[in-house]
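Since the structure comes first, as structure tokens, the remarks are kept for the end.
Predicted model, so just to flag it, every value in this text is computed and none were measured. Residue numbering restarts at 1 for every chain, and letters A, B, ... go by the order of the sequence lines.
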Amino acid sequence: MTSVESLLGGEAFEAAPRLLGLRLVSDVDGERTAVTLVEVEAYGGADDPASHAHRGPTARNAAMYGPAGTLYVYRSYGIHWCANVVCRPAGTPSAVLLRGGVVVDGGDVVRRRRGRSDHLCDGPGRLAQALAITGDHNGTSVFDGPLRIEGAAAPGVVVATPRVGITRAVERPWRFIFVPEPVDNPRA
DNA sequence: ATAGCGATGTTCT
DNA sequence: GAACATCGCTATA
């Protein structure tokens, strides 16, 4: 078992914050890009009214029922792609929505894909476009596929807030933001 | 700086 | 027919 693999498991809201600070590496069309994950959201199964798996399996959410490490990619509002990582064993639906990152490799490629130089990865649709994640990657594994999660988290603080863009179970604080630990604070 | 709105695939009522 | 785990453009301030 890899070190990253051991970070998955447990309820989605427990696994989600563990992914913060890790690297999401993309090798698509022969181009390498990578980000450090800084914003994620947890989605559960039948017990989470905001989850795509709340009503049971469908053609769209099938990947959520795969083993931990499975990528669940869905189309949002008919336009954008959004990527999740499954964190529970096969048969138990779960998802950690990847909502934001900081580019650490392939910045030129990312800016070309995004068609701009700002707001490269802040938002699930933007993050997917930056790393060229599409429906083709639905069901692939983040341990051996074209999109991988690697490394160990850098030191930082995790802040929990309510999930955004949903209308049900809005009170659950299942959105997690990574605040890097300052290496040095000249003002303190 | 904030508000409104159009685009549009899949699911749900 | 309506809602939706969004985004980028446009208008108004």
Return the value, rounded to whole Å, for the distance between atom CE of A/Met64 and atom P of C/dA5.
11 Å
Could you state the NE2-C1' distance from A/His54 to C/dA3, rounded to the nearest angstrom?
15 Å
Residue whose closest nucleotide on DNA chain C lies nearer the 5' end, A/Gly165 versus A/Arg126
A/Gly165
Quick one: stems for DNA chain C, with Watson-Crick or G-U pairs under 3.5 Å, at least three in a row?
B:1-7 with C:6-12, B:9-12 with C:1-4
Would you indicate, yes or no, if C/dC4 has its OP1 or OP2 atom less than 4.0 angstrom from a side-chain nitrogen or oxygen of A/Thr167?
yes
By salt bridge (charged side-chain N to carboxylate O under 4.0 Å, His left out) - contacts of A/Arg60 (at least two apart):
none
Taking C-beta and beyond as the side chain, do A/Asp105 and A/Val25 meet within less than 4.5 Å on heavy atoms?
no
So, using ring-ring contact (aromatic ring centres under 6.0 Å, His included) as the criterion, who are the partners of A/Phe13 when residues are at least two apart?
A/Trp174
Would you indicate whether the side-chain heavy atoms of A/Leu7 and A/Leu22 approach each other to under 4.5 Å?
yes
For A/Val35, check side-chain contact (heavy atoms from CB on, under 4.5 Å) against everything at least two apart and list the hits.
A/Leu24, A/Leu37, A/Val103, A/Cys121, A/Leu127, A/Leu131
At a cut-off of 3.5 Å, list every protein nitrogen or oxygen paired with a nitrogen or oxygen from nucleotides 11-13 of chain B, distance to 0.1 Å.
unit_1, atom_1, unit_2, atom_2, d
B/dT11, OP1, A/Thr58, OG1, 3.4
B/dT11, OP1, A/Arg60, N, 2.8
B/dT13, OP1, A/Arg55, NH1, 3.2
B/dT13, OP1, A/Arg55, NH2, 3.1

Pull out every protein N or O sitting under 3.5 Å from an N or O of nucleotides 5-7 of chain B, one pair per line with the distance.
none

Under the side-chain hydrogen bond (donor to acceptor under 3.5 Å, both in side chains) test, which residues partner A/Arg114, sequence neighbours left out?
A/Gln129
With the side chain counted from C-beta on, respond yes when A/Arg148 and A/Val4 share a heavy-atom pair under 4.5 Å apart, and no when they do not.
no
Tell me the salt bridge (Lys or Arg N to Asp or Glu O under 4.0 Å) pairs involving residues 124-140 of chain A, sequence neighbours left out?
A/Asp122-A/Arg126
Are more than 12 heavy atoms from other residues, nucleotides or ligands located less than 6.0 Å from atom CG of A/Asp29?
no
Do A/Val164 and A/Arg175 have side chains that get closer than 4.5 Å, going by heavy atoms?
yes
Under 4.0 Å from any atom of DNA chain C, heavy atoms only: list the residues of residues 91-121 of chain A that qualify, in numerical order.
A/Leu97, A/Arg114, A/Arg116
Any pair with a residue in residues 156-172 of chain A that passes salt bridge (Lys or Arg N to Asp or Glu O under 4.0 Å), sequence neighbours left out, goes on the list, sorted by first then second residue, please.
A/Asp48-A/Arg163, A/Asp48-A/Arg172
Could you tell me how far C/dA2 sits from B/dG6 if I compare only their P atoms? Round to whole Å.
14 Å
Which residue lies toward the 5' end of DNA chain C, A/Gln129 or A/Val164, if each is placed at its nearest nucleotide?
A/Val164
Kindly write out the residues that satisfy ring-ring contact (aromatic ring centres under 6.0 Å, His included) with A/Phe178, not counting sequence neighbours, or none if the list is empty.
none
Can you spot which of A/His137, A/His80, A/His52 makes a ring pair (Phe, Tyr, Trp, His ring centres under 6.0 Å) with A/Tyr74?
A/His52
Summary of salt bridge (Lys or Arg N to Asp or Glu O under 4.0 Å) pairs that have at least one residue in residues 85-101 of chain A, sequence neighbours excluded
A/Glu11-A/Arg88, A/Glu39-A/Arg99, A/Glu41-A/Arg99
Nucleotide C/dA5, atom C1' - distance to OH of A/Tyr72 in whole Å
9 Å
Taking atom P of C/dT6 as reference, at what distance in whole Å does atom CG of A/Asp122 sit?
13 Å
Can you tell me, in whole Å, how much space there is between the C1' of C/dG8 and that of B/dT10?
22 Å
To the nearest angstrom, how far is A/Arg75 atom CZ from C/dC7 atom P?
14 Å
